[in-house]
Amino acid sequence: MSSRIPRWFGRRTPASPAAITPGPGETPAGPRTVLEADGERFLLRSSADRASTVAELVRDLPAEPGRPVVVVDVTADAAGNLGEELGCLLGRLSADPACSAARLVMSGAAAATAERLPLAQRLADAWKLEIEAPDAPIVLVPGGGLYVAEPTTRAGGWWRFAPGGEPEALGARMPAPRWQRALARVPLGALGGCVVQQIPAGLSLRPAGATAPRTGELAYALAVHPERLTLLVGSRGASEEIIAENLATLLAGLPAELRRSVRLAPGDGRDLLPIAETVADLLGTEIEVCTGLPFPLPDGAPGAAHAESVRLNSPEGEPTWPALLASVVCAPAGPDGHRPAARPARWNLPDPVDGPAPEPATLCLPDGAYAVAVRAGLWVGDSPVPPPEVRDRPAEARAARIEIADTDDDTSRDRLLTSLAALLPRLDEQVREHAEIAAPKGAGPETVGALRRFSMRHGVAYVTGAREEGTSVTSDDAGSTPSEPSAAPPGAPVRPVALTSTSTGSPAPATAEATPVHVAAPASEPRPSGPEEVPAPVGAPTKRSAAEAPAAVLTVPSVLAGRPATGSAARPAEEARIPAPSARASAVRSEVHATESVPAPPAAMSTAALPAAKPVPAPSLAPRRTGTAPTGVSSDGDRAAFRELASDVWEEHTGPVNQALIRLPALRGAGEAAARADLIAVHLYLTSPPDGPFGAHALAENAEELRPYAACLSSGLGRLPALRGTLMRAVPGPDIPEDVVPGAFLHADAPLDAVHLEAPNVPVPPTEFVRYVIRPLTARRTSALTRDGSGAAALFAPGTAFSVLARYAAGDGLPGRVLLAEVPSGAVPFRPPSDEVVARLDTASRRLPLPAGPPWPVRCTGPFTS
């Protein structure tokens with residue numbers, strides 16, 4: 001078999017010496033193709049791309065023994081030896097008796113030109129392997145799917161090539177859901193005043209004037225259910241609404257097997273139930289309606305195969321909290337005009353502890369109470385049937401609404417609230433983060449007062465009345481502040497990634513939401529004999545410096561023309577193309593991508609390696625001072641001065657921040673340029689050692705000189721998602737300062753790093769350190785910029801103040817402990833938290849480190865006020 005693998009295959013001619021594959025012992029002059037293997041999954045990537053976004057999704061691709069998956073993610077400047085590497089890999093696979101086929105994830109590998117057969121056909125013939133390959137740009141869909149956004153034919157997209165045989169069309173999705181072949185019979189394009197197109201999860205119906213979904217948007221990240229077709233109704237930003245008659249026409253025209261399995265999902269965040277009820281009347285059939293958008297759950301998530309999470313979608317197009325009532329089924333009105341209430345179809349509640357409930361979407365609670373999942377959130381009462389006004393209230397992406405039954409009996413009300421308090425910790429973290437408790441309509445002062453006190457004790461926002469009556473959120477203390485929108489909530493859906501081939505190209509703007517990745521198809525392909533001339537790829541992007549490359553304009557390759565064909569006969573004339581959005585605009589790699597490095601999370605180190613405490617200013621025993629640290633939004637002058645201060649290191653932080661802005665558009669706010677400068681300040685701080693020129697000590701000691709940096713840092717932190725829970729910082733040494741006593745105020749002159757104790761696999765400091773345990777208000781998650789998967793890192797802005805609630809000296813095997821609550825800024829008075837909250841802080845402070853647990857991070861170690 002080794003004779004079939006030519007040593008010099010893929011080598012360029014001597015006229016292109018820079019592209020010649022280096023011989024043994026030689027050092028490559030530039031990037032080259034390298035191979036990574038993970039079981040039955042193989043990735044060919046550029047040696048310069050050490051943080052490929054594609055690599056993160058390759059692990060999710062389905063692969064089975066004997067049918068490996070080969071993914072090509074190679075930039076044009078590294079493609080000189082791609083043919084040789086791919087040929088060697090296919091040679092090894094074909095020599096394995098257990099290997100009968102391979103799935104080649106290379107955009108356009110199944111497309112033919114007027115002169116040549118498809119690359120996949122030539123590979124199948126050369127290596128005697130069955131090859132599956134796409135005929136157009138590929139989108140890697142979260143959850144392990146592979147989707148061809150613009151197949152060359154209606155039945156095409158993916159093709160199977162047998163050695164010497166005819167290619168077989170497999171459809172646009174791989175692996176193929178059961179409904180895929182039936183979907184090929186659905187008319188696409190204009191429908192009344194709407195447009196119908198395919199998306200990975202099924203179909204999209206949008207107003208004719210609305211922008212089509214793009215490959216980097218959430219429409220391409222929806223869960224591809226093997227049994228259920230999802231119909232995405234509406235489009236974000238569209239001013240027109242979907243007409244019920246158009247939706248009914250589309251549903252009526254679906255093949256029977258599709259019509260039985262279809263479910264509607266809101267593409268614009270609006271409530272779909274009213275239009276679904278009208279359509280149900282027109283068709284005389286039941287219709288399932290999702291409360292939000294269904295996304296695949298990550299690997300290892302609880303639940304059966306193909307588990308999903310239905311999340312509410314904000315007007316800005318960002319998922320917020322997972323719906324407790326995921327979907328309902330609405331029925332047509334009867335002959336008398338009466339319509340039965342929509343019944344729950346799928347819901348997301350904790351596992352029951354008191355036996356099965358008598359009604360769907362219901363959980364039995366202690367003391368005979370019931371918790372019922374409703375579209376707006378949760379209802380708690382003595383009956384499993386909520387009142388109609390609660391049952392029918394639409395959901396809001398902004399908040400998960402919790403209501404209790406209206407009762408004038410103090411004992412009954414207290415019992416319901418006690419049951420709710422026991423249920424809250426069992427709810428999804430993002431439900432808790434977005435939860436608000438509302439008084440029933442017409443509730444008396446006793447109920448209102450009880451709910452206010454409950455919100456204070458349990459950190460849940462309190463609403464004075466129904467939103468539709470024009471009331472607003474009131475913050476009664478630090479614990480009842482409504483949560484801010486999260487830019488990267490835990491469990492948020494992964495964005496899809498598009499791959500393109502290198503053919504001809506022209507500049508075009510990329511979508512902001514896409515994660516750009518460029519995959520270069522080889523200018524030549526593996527052959528079983530002899531060296532040959534390999535021309536350079538046509539239209540390959542020219543390399544530019546990071547300073548020259550604009551953030552929003554990327555080089556966009558076009559799709560290879562033609563369709564699969566065999567050597568014996570050409571296929572019939574090309575059928576009409578599917579009216580789908582271009583995958584090219586969002587399918588490319590930024591020219592600065594290959595030179596960027598992804599920042600590592602804050603360094604963690606063992607106890608022995610922790611440095612001694614550095615002397616810093618003593619903590620202030622006064623409330624928050626004004627004028628010490630900048631707060632609020634940075635000004636143009638602040639950002640210009642900061643750029644001058646950080647001119648030597650500015651460019652190395654631009655790339656990671658640009659990547660974060662692409663992954664998380666919510667970080668931009670009103671202005672992208674201002675957001676970029678602010679977030680560069682945050683990234684600079686997170687990647688600087690505490691005693692570095694831009695670290696915490698420098699900010700405390702050189703406050704006036706670094707004031708523009710501090711202003712941008714504070715402003716940038718305000719763009720990151722807020723974090724609730726319990727935080728901890730550790731200080732070396734067993735003694736607590738004498739002036740840190742209950743009632744005193746500690747003031748941080750510099751940013752303050754801490755660990756989120758509710759994060760998974762969280763570290764615990766050694767017992768010889770004093771622990772400062774904090775109830776936060778304005779702490780921010782930093783994982784949006786550091787890709788810290790655990791989400792354990794938290795950061796307070798300079799100028800934050802804290803009130804000392806309690807102190808405990810070391811003893812009885814426990815470390816010294818200080819319990820703190822953040823003091824609200826502005827005119828909001830500080831109200832000490834309840835005894836229950838203080839007890840929870842104390843419980844958290846008593847944790848003992850695990851022998852094999854992760855080390856305590858050095859960034860979260862040192863004097864509390866830095």
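Below, each value reflects all heavy atoms present in this structure, side chains not excepted, and no hydrogens, waters or symmetry copies.
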What distance separates [X] [atom1] from [Y] [atom2], expressed to the nearest 0.5 Å?
X    : Y    : atom1 : atom2 : answer
T33  : D73  : OG1   : CG    : 10.0 Å
N658 : R676 : CG    : CZ    : 4.5 Å
Y147 : I199 : OH    : CD1   : 7.5 Å
M106 : I131 : CE    : CD1   : 10.5 Å
L785 : H683 : CG    : NE2   : 6.5 Å
L117 : L123 : CG    : CG    : 11.0 Å

Any idea which heavy atoms bring [X] and [Y] closest together, and the distance?
X    : Y    : answer
V34  : S47  : CG1-CB, 3.9 Å
G87  : W127 : O-CZ2, 3.6 Å
G144 : P62  : O-CD, 2.9 Å
L61  : G145 : CD2-O, 4.5 Å
P142 : P296 : O-CG, 3.5 Å
V58  : L43  : CG2-CD1, 4.4 Å

Does [Y] offer a backbone N or O that forms a donor-acceptor pair with the side chain of [X] under 3.5 Å?
X    : Y    : value
E217 : R214 : yes
Q180 : L170 : yes
W179 : H225 : yes

Please tell me if the side chains of [X] and [Y] come closer than 4.5 Å, counting only heavy atoms from C-beta onward.
X    : Y    : answer
D135 : W159 : yes
C99  : L129 : yes
P319 : L218 : yes
R173 : Q198 : yes
L86  : V70  : yes
E130 : R160 : yes
L203 : Q197 : no
L293 : L232 : yes

Stepwise side chain to side chain contact (heavy atoms under 4.5 Å, CB included) check, L90 with F42: CA-CA 11 Å; L90 293 177; F42 299 90; over 6 Å; no

Step through the shown structure and confirm whether more than 12 heavy atoms of other residues, nucleotides or ligands are within 6.0 Å of CZ on R67.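 Yes, enclosed.
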
Show your working on side chain to side chain contact (heavy atoms under 4.5 Å, CB included) between F295 and L222 and close with a plain yes or no. CA-CA 5 Å; F295 298 105; L222 302 186; 3.7 Å; yes

Please report the C-alpha distance between L146 and L140 in whole Å, then the side-chain angles of each, then the deciding distance to 0.1 Å, and finally whether the side chain to side chain contact (heavy atoms under 4.5 Å, CB included) criterion is met. CA-CA 5 Å; L146 297 164; L140 277 71; 4.0 Å; yes

Determine, stepwise, if the pair W158 / R103 fulfils side chain to side chain contact (heavy atoms under 4.5 Å, CB included). CA-CA 10 Å; W158 280 93; R103 183 170 297 162; 3.8 Å; yes

Picking from R59, R45, R41, what satisfies salt bridge (charged side-chain N to carboxylate O under 4.0 Å, His left out) with E36?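 Among the candidates, only R45 passes.
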
